Amino acid sequence: MNIKKELETKVGIANGIYLNDIDIDPLTIKAIMINEVVPADPSQDFYGLRDADYMKTTIPLLQGAGTEVTSIQDILQMGIYITNAVKTPKTEYAIDKGSIENSLPYLEAELALFPNIKVIMLMGDVAKKAFNMITKKSTKKNAVPAVSTYKLRNSEIYYKGIRVMPSYIMTGGNILIEKSKVTMATEDIVAMLEIIK
């Protein structure tokens with residue numbers, strides 16, 4: 001299945017929306033990692049160039065968690081799919097609610113493509129906010145409490161039988177500065193790998 005074509009068929013083609021133009025078997029995916037926002041240059045996204053900026057932080061995180069991945073293909077073969085909550089590049093430092101809302105139909109349809117999901121990792125506050133906006137539509141409440149991520153990390157949160165794990169942003173220069181967040185994100189990935197193995 002081509003993710004981009006499938007989502008455009010389900011939701012429609014929208015100007016400026018970046019979708020993952022990759023072919024994968026959705027039945028093989030057991031975990032989804034939701035990053036915050038697509039980069040301004042699509043070639044720097046997870047499924048772009050081999051040495052794309054987003055992979056420069058993602059691969060070390062997964063390697064730190066004990067995997068031997070060296071590419072996005074290795075990650076997919078482990079049953080892990082990575083996507084972005086916001087499908088349009090950010091224009092300012094903060095991501096506004098409107099950007100999240102515009103991308104929500106795509107993210108919701110994207111999550112529904114994978115029937116064998118055991119874990120959804122929310123990599124950063126924007127991913128957490130977007131996921132809560134989706135879950136609130138069906139349950140009338142947030143799946144993830146509005147509490148600091150570090151307080152939630154050891155909670156077992158479930159949504160429709162799927163383990164939901166709030167964690168920290170996995171891309172961008174800031175992750176390299178905040179070593180404690182790298183450590184915590186790595187620990188969260190270890191926990192996710194235990195669930196899907």
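The structure presented is a predicted model; accordingly, all values stated were derived computationally and were not measured.
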Stepwise side chain to side chain donor-acceptor pair (under 3.5 Å) test for Y81 and N20: CA-CA 10 Å; Y81 174 71; N20 295 328; 2.8 Å; yes
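- Looking at T57, its side chain does come within 3.5 Å of a backbone N or O of M170 through a donor-acceptor pair.
- A donor-acceptor pair is defined here as one N or O able to donate and one able to accept, closer than 3.5 Å; no such pair exists between the side chain of R163 and the backbone of I195.
- The shortest non-hydrogen separation linking F131 to A143 is CE2-CB, 3.9 Å.
- For the pair K30 and M78, the tightest heavy-atom approach, listed with the atom from each and the gap, is NZ-O, 4.1 Å.
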Evaluation steps, side chain to side chain donor-acceptor pair (under 3.5 Å), between S138 and Y159: CA-CA 11 Å; S138 63; Y159 174 71; 2.8 Å; yes
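- Here the closest heavy-atom approach between residue L107 and residue A130 is recorded as CD2-CB, 4.0 Å.
- The existence of a salt bridge linking K90 and E36 is excluded, since no basic side-chain nitrogen approaches an acidic carboxylate oxygen closer than 4.0 Å.
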Stepwise side-chain contact (heavy atoms from CB on, under 4.5 Å) test for D125 and T149: CA-CA 8 Å; D125 289 341; T149 299; 3.7 Å; yes
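- Without hydrogens or angle criteria, Y168 side chain to Y150 main chain gives a donor-acceptor distance under 3.5 Å.
- Aromatic ring pairs are classed by plane angle as parallel below 30°, tilted from 30° to 60° and perpendicular above 60°; the pair F46 and Y54 is tilted.
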Test log, rule side chain to side chain donor-acceptor pair (under 3.5 Å), inputs S99 and D96: CA-CA 6 Å; S99 296; D96 63 279; 3.0 Å; yes
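- Under a 4.0 Å N-O distance rule, the pair K87/E110 qualifies as a salt bridge.
- L27 places a side-chain heavy atom less than 4.5 Å from the side chain of P115.
- With hydrogens and angles disregarded, no donor-acceptor distance shorter than 3.5 Å links the side chain of Y47 to the backbone of P42.
- In this structure, V69 and I80 have side chains that are not in contact, with every pair of non-hydrogen atoms separated by 4.5 Å or more.
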